Amino acid sequence: QVQLVESGGGLVQAGGSLRLSCAASGRSFSSYGMGWFYQAPGKEREIVAGITRSGGSTYYADSVKGRFTISRDNAKNTVYLQMNSLNPEDTAVYFCAAASVGIPLSSRLYAFWGQGTQVTVSS
């Protein structure tokens, strides 16, 4: 079991950067693959990026490839999402989540979720 708290969101101009952090508490952080999801009003929650337990493999949605980087530091119980070249279409609430196996693409397969952090990109 793990508890997740996101931070680092805010308002940024188009072309700018943000780094989101997800701090985990619990005894089994390294046992979980981690994902970042985003959700805009009226839309379904979708995966942005994912990373395996050891950080050896990653996944990115097509819309963020080359712009976003997911990483984790198991010693600090933290997963990060570095977001560069932001555009207004990236505006959403971003959530981190933990899964028991691999990097599931469906939000239904993640067992634990943070509360979300708002990212707003102005043009």
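Please read these numbers as outputs of a predicted model, since none were measured by experiment.
What you find for Thr117 and Gly8 is that their closest heavy atoms are OG1-N, 4.4 Å. Summarising the geometry of Ala14 relative to Pro88, their closest heavy-atom pair is CB-CD, 4.3 Å, with the distance given to 0.1 Å.
Residue Asn74 holds its CG atom at 8.0 Å from OG of Ser54, rounded to the nearest 0.5 Å. Here CG of Asn77 is found 8.0 Å from OG of Ser25. Values are rounded to the nearest 0.5 Å. To the nearest 0.5 angstrom, Ser17 atom OG is 6.0 Å from Gln82 atom CD. The distance from atom CH2 of Trp36 to atom OH of Tyr94, rounded to the nearest 0.5 Å, is 10.0 Å.
Pairs of residues two or more places apart, or lying in two chains, that qualify as salt bridge (Lys or Arg N to Asp or Glu O under 4.0 Å) and include a residue from residues 74-93 are Arg67-Asp90. Counting only residues at least two apart or in different chains, disulfide bond (SG atoms under 2.5 Å apart) contacts with residues 56-109 comprise Cys22-Cys96. The stretch residues 34-84 participates, sequence neighbours left out, in no disulfide bond (SG atoms under 2.5 Å apart) pair at all.
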Problem set entry | Candidate pair Tyr32 and Arg53, rule side chain to side chain contact (heavy atoms under 4.5 Å, CB included), full reasoning | CA-CA 5 Å; Tyr32 295 95; Arg53 299 173 184 180; 5.8 Å; no
Exercise. Step by step, would you call Gln118 with Thr91 a side chain to side chain contact (heavy atoms under 4.5 Å, CB included)?
Worked result: CA-CA 8 Å; Gln118 176 71 46; Thr91 296; 4.0 Å; yes
For this session: Determine, step by step, whether Tyr59 and Ile51 satisfy the side chain to side chain contact (heavy atoms under 4.5 Å, CB included) criterion, reporting the C-alpha distance in whole Å, the side-chain angles of both residues, the deciding distance to 0.1 Å, and the verdict.
Result: CA-CA 6 Å; Tyr59 167 86; Ile51 188 166; over 6 Å; no
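The side chain to side chain donor-acceptor pair (under 3.5 Å) check on Ser30 picks up nothing, with sequence neighbours excluded. In terms of the salt bridge (charged side-chain N to carboxylate O under 4.0 Å, His left out) criterion, Lys43 has no residue partners (sequence neighbours excluded). Checked against side chain to side chain donor-acceptor pair (under 3.5 Å), Ser28 has no partners two or more places apart in sequence or in another chain.
At least one donor-acceptor pair under 3.5 Å links the side chain of Thr52 to the backbone N or O of Ser57. Looking only at distances, a side-chain donor or acceptor of Gln115 sits under 3.5 Å from a matching main-chain atom of Glu6.
For the pair Thr69/Tyr60, a side-chain contact is recorded, criterion being any heavy-atom separation below 4.5 Å from C-beta on. Using a 4.5 Å heavy-atom cutoff, the side chains of Phe112 and Gln3 are not in contact. Annotation: side chain of Val121 is in contact with side chain of Val119 (closest heavy-atom distance under 4.5 Å). Counting only heavy atoms from C-beta outward, the side chains of Phe29 and Thr78 never approach each other to under 4.5 Å. Looking at Tyr38 and Val93, their side chains never come closer than 4.5 Å, going by heavy atoms from C-beta outward. Considering only heavy atoms from C-beta on, Ile70 stays 4.5 Å or farther from Phe68 through its side chain. Leu18 places none of its side-chain heavy atoms less than 4.5 Å from the side chain of Leu81. The shortest side-chain heavy-atom distance between Ile103 and Tyr110 falls under the 4.5 Å cut-off.
Proximity of the aromatic rings of Phe37 and Trp113 is defined here by a centroid distance below 6.0 angstrom, and this criterion is met.
The cluster map of Ile, Leu, Val, Met, Phe, Trp and Tyr, joined by side-chain heavy atoms under 4.5 Å apart, puts Val79 and Leu4 in the same cluster. Both Val12 and Val48 are part of a single hydrophobic cluster, where members link through side-chain heavy atoms under 4.5 Å apart. Hydrophobic cluster membership differs between Ile47 and Met83, with clusters built from Ile, Leu, Val, Met, Phe, Trp and Tyr side chains linked at under 4.5 angstrom.
Under the 3.5 Å distance criterion, with hydrogens and angles disregarded, no donor-acceptor pair is assigned to the side chains of Ser122 and Gln13.
The one candidate from Arg72, Arg19, Met34 that meets the side-chain contact (heavy atoms from CB on, under 4.5 Å) condition with Tyr80 is Arg19.
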